[in-house]
Amino acid sequence: MEIMQPFKTEVDLQTGVFSPTRDIITRKLSNMATMYADVEAAQALLDSGDDPIIYEVHVTELPEVEGHILHCTTKIYPGKIGDEYFMTKGHYHAQRDQGEVYVGLSGEGYLVMQTESGESSAIAMKPGTAAYVPPYWAHRTINTGSEPFVFFAAWAGEAGHDYGTIERDGFRQLIVEKDGHLQVIDNPKYD
Ligand code: M6P
Ligand code: ZN
């Protein structure tokens, strides 16, 4: 591996914005409409001409190879599709035996995880929460508050993102608001 020069990024703890500016990945509802449990509600919103930004990822451009530590901030906007709060797509690591660390910076949310062997976990996050995604756990974050939910993430360069498995199967647990209360429920479409 080539020697790289050290560098730093200033992170706005409120917004997750990087300085100097780095690449920003923007995910709109149209990029993930079928991932919400209430597909009809998602489609109705899109049909009305509304395609809200669900989340943004500020990424450091580093080689995606063993040895490097990739890191980014994610800002999930507040909102719901049907009863389900705005969330990330979620993914397994292409290399399943790679973990990840999340640190809550502002707002509040949940980190939902699951394994291919049938385990599930839902961890509440707030500013200062360091949450660990162990190897083999798929992970998705959800904004359960009324302000943007912002967190920092760091993971191994060789891990890679596998979105296809989650696009096909979804998550076993959904984070929804029912009767004005947050609830962690079983996904009726998961089998
Ligand atoms: C976290 C990390 C990133 C990821 C981002 C958005 O910051 O896990 O690797 O890209 O969340 O999540 P997703 O890739 O599932 O859309
Ligand atoms: Zn990951």
Side-chain angles (χ1 to χ4, degrees), residues 9 11-18 22-36 42 51-66 68-79 81 84-116 120-127 129-144 148-175 187:
T9 308
V11 180
D12 183 316
L13 300 181
Q14 202 59 40
T15 63
V17 169
F18 275 178
R22 312 265 183 217
D23 271 2
I24 301 175
I25 299 167
T26 301
R27 301 279 191 217
K28 293 179 156 193
L29 177 60
S30 55
N31 303 129
M32 56 182 302
T34 57
M35 297 185 112
Y36 285 92
D51 186 9
I53 293 175
I54 307 289
Y55 62 103
E56 291 161 347
V57 186
H58 298 256
V59 292
T60 47
E61 282 180 82
L62 287 167
E64 297 198 17
V65 298
E66 191 175 348
H68 283 289
I69 308 289
L70 305 184
H71 51 287
C72 69
T73 53
T74 302
K75 177 188 193 182
I76 310 177
Y77 288 91
I81 302 297
E84 198 175 15
Y85 295 102
F86 280 12
M87 62 191 187
T88 59
K89 290 179 162 199
H91 59 272
Y92 283 96
H93 287 152
Q95 289 201 24
R96 295 285 197 271
D97 60 354
Q98 298 296 324
E100 186 157 350
V101 174
Y102 283 179
V103 180
L105 301 182
S106 71
E108 56 190 85
Y110 262 75
L111 167 60
V112 169
M113 293 175 275
Q114 67 187 31
T115 64
E116 288 173 298
S120 302
S121 167
I123 288 179
M125 290 185 66
K126 60 185 195 309
T129 303
Y132 185 49
V133 180
Y136 302 105
W137 288 80
H139 35 293
R140 164 181 281 165
T141 39
I142 296 112
N143 184 347
T144 55
F149 171 46
V150 181
F151 63 96
F152 181 87
W155 68 101
E158 75 270 32
H161 292 76
D162 166 15
Y163 292 105
T165 307
I166 294 298
E167 272 163 1
R168 189 190 65 214
D169 300 342
F171 271 78
R172 266 183 221 98
Q173 291 182 311
L174 307 178
I175 310 289
N187 181 355

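Both ligands and their constituent atoms are indexed starting at 1 by order of listing.
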Trainee: Any heavy-atom pair between the side chains of Tyr77 and Pro52 that's under 4.5 Å?
Mentor: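 With C-beta onward as the side chain, the pair stays apart.
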Trainee: Could you check if a side-chain atom of Arg172 sits within less than 4.5 angstrom of a side-chain atom of Asn187, using non-hydrogen atoms only?
Mentor: no
Trainee: In Glu100, which N, O or S atom comes closest to the Zn ion (ligand 2)?
Mentor: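 That would be atom OE1.
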Trainee: Under 2.8 Å from the Zn ion (ligand 2), can any N, O or S atom of His139 be found?
Mentor: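 A backbone or side-chain N, O or S atom of His139 is under 2.8 Å from the Zn ion (ligand 2).
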Trainee: Would you sort out whether Ile175 and Gln173 count as a side chain to side chain contact (heavy atoms under 4.5 Å, CB included), showing the intermediate values?
Mentor: CA-CA 7 Å; Ile175 310 289; Gln173 291 182 311; 5.7 Å; no
Trainee: Do Ile166 and Phe171 have side chains that approach each other closer than 4.5 Å (heavy atoms only, starting at C-beta)?
Mentor: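 Touching, per the 4.5 Å side-chain cut-off.
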Trainee: Under a 3.5 Å threshold, yes or no: a donor from one side chain and an acceptor from the other, between His161 and His93?
Mentor: no
Trainee: Taking the six-membered ring for Trp and the single ring otherwise, decide whether the centroids of Tyr102 and Phe151 are under 6.0 Å apart.
Mentor: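 Yes, they do, as the ring centres are separated by less than 6.0 Å.
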Trainee: For the metal site, I want the angle between atom NE2 of His91 and atom NE2 of His93 with the Zn ion (ligand 2) at the apex, to 10°.
Mentor: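 With the Zn ion (ligand 2) as the vertex, NE2 (His91) and NE2 (His93) sit 120° apart.
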Trainee: Answer yes or no: is there a side-chain heavy-atom contact under 4.5 Å between Arg27 and Val57?
Mentor: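 No - every pair of side-chain heavy atoms lies 4.5 Å or more apart.
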Trainee: Dump all N/O pairs between ligand 1 and the protein below 3.5 Å as a table: atom names plus distance, one pair per row.
Mentor:
unit_1, atom_1, unit_2, atom_2, d
ligand 1, 7 (O), Thr74, OG1, 2.7
ligand 1, 8 (O), Glu100, OE2, 2.6
ligand 1, 8 (O), Tyr102, OH, 2.8
ligand 1, 9 (O), His161, NE2, 2.8
ligand 1, 11 (O), Thr74, OG1, 3.4
ligand 1, 14 (O), His91, ND1, 3.4
ligand 1, 14 (O), Tyr163, OH, 2.5
ligand 1, 15 (O), Gly90, N, 2.9
ligand 1, 15 (O), His91, ND1, 2.9
ligand 1, 16 (O), Tyr55, OH, 2.4

